[in-house]
Amino acid sequence: MSVIGTGIDLVEIARFRETLARWEGRFKDRLFLPGEQAYCEATAAPWMHYAARFAVKEAVAKAFQTGIGSRLSWLDIEVVRDPETGAPSVRLSENGKALAASRGVTRVMVSISHTAHYAVAQAILAGDEHDSGREGRRL
């Protein structure tokens, strides 16, 4: 198994909170699946958890080197929690799974952290890299 891609994202929580307040449901529905919304809304500081999940989605898109767009949308990446440990992970949609398969990705690992001011997330794509039409640099 090898590392195929990495991504990281940092979000200012106050700015994200303002965006949530301004756009409310429309913004949430465009970026977050119902399960993500339910989790965030059940917390004392939903904006902090939304910001962290936004950072995860950005980090995953960066790891795939596609960004958010036609190949991978906000709703193709769902942030979920392990029921036993509470550790974050992602569940990809069928579209996301197809992209992962085309890149040889068999595992997406994420980590989230936040303070009162910032949320950060890192994503690592692992698997059996194969020729996907992209030339990679090797050291």
Side-chain angles (χ1 to χ4, degrees):
M1 187 164 289
S2 62
V3 173
I4 296 172
T6 65
I8 190 167
D9 195 59
L10 179 69
V11 176
E12 291 180 61
I13 290 177
R15 187 171 170 211
F16 205 84
R17 185 177 186 181
E18 290 169 11
T19 302
L20 284 171
R22 183 174 184 200
W23 298 105
E24 196 54 35
R26 219 168 74 193
F27 179 74
K28 290 176 189 175
D29 291 342
R30 288 186 64 203
L31 274 69
F32 303 101
L33 290 157
E36 293 170 310
Q37 291 184 41
Y39 171 79
C40 293
E41 294 299 328
T43 67
W47 58 89
M48 186 176 292
H49 298 276
Y50 279 117
R53 276 147 185 75
F54 178 86
V56 168
K57 291 173 184 247
E58 281 281 351
V60 169
K62 290 174 181 178
F64 273 109
Q65 297 180 355
T66 61
I68 296 294
S70 62
R71 301 282 319 265
L72 196 63
S73 77
W74 297 112
L75 300 179
D76 286 327
I77 306 163
E78 181 179 14
V79 182
V80 296
R81 294 179 65 214
D82 181 286
E84 292 178 24
T85 67
S89 62
V90 295
R91 182 180 304 135
L92 298 175
S93 69
E94 291 304 316
N95 184 50
K97 288 177 186 176
L99 177 61
S102 75
R103 302 279 174 89
V105 174
T106 57
R107 190 166 180 205
V108 179
M109 297 168 280
V110 296
S111 181
I112 305 172
S113 187
H114 49 73
T115 67
H117 303 288
Y118 297 98
V120 65
Q122 179 180 24
I124 298 172
L125 308 180
D128 299 319
E129 189 171 19
H130 61 282
D131 183 13
S132 62
R134 299 179 316 143
E135 289 295 320
R137 292 172 104 182
R138 299 220 182 243
L139 298 177

Residue set satisfying salt bridge (charged side-chain N to carboxylate O under 4.0 Å, His left out) with R71, at least two apart, ordered chain then number -> none
E78 meets the salt bridge (charged side-chain N to carboxylate O under 4.0 Å, His left out) criterion, sequence neighbours left out, with R91
In short, salt bridge (charged side-chain N to carboxylate O under 4.0 Å, His left out) pairs touching residues 58-68 with sequence neighbours left out are D9-K62
W74 meets the ring pair (Phe, Tyr, Trp, His ring centres under 6.0 Å) criterion, sequence neighbours left out, with F54
Across all chains, not counting sequence neighbours, the side-chain contact (heavy atoms from CB on, under 4.5 Å) partners of L92 are F64, I77, K97, A100, V108
Check: Between S89 (side chain) and V79 (backbone), is there a donor-acceptor pair under 3.5 Å?
Finding: no
So the salt bridge (charged side-chain N to carboxylate O under 4.0 Å, His left out) pairs with at least one residue in residues 27-37 (sequence neighbours excluded) are E24-K28, K28-E41, E36-K57
With sequence neighbours left out, the residues meeting side-chain contact (heavy atoms from CB on, under 4.5 Å) with N95 are D76, S93
Applied to residues 114-127, the side-chain hydrogen bond (donor to acceptor under 3.5 Å, both in side chains) test, sequence neighbours excluded, yields none
- prompt: Hey, does V60 have a side-chain heavy atom less than 4.5 Å from the side chain of V110?
  reply: yes
With sequence neighbours left out, the residues meeting side-chain hydrogen bond (donor to acceptor under 3.5 Å, both in side chains) with R107 are none
For Y39, the side-chain contact (heavy atoms from CB on, under 4.5 Å) test, sequence neighbours excluded, returns T43, H49, R53, R81
Contacts satisfying salt bridge (charged side-chain N to carboxylate O under 4.0 Å, His left out) that involve residues 118-127 (not counting sequence neighbours) are none
Residues at least two apart in sequence or cross-chain that pass side-chain contact (heavy atoms from CB on, under 4.5 Å) with A51, listed by chain then number, are V11, I13, F16, A119
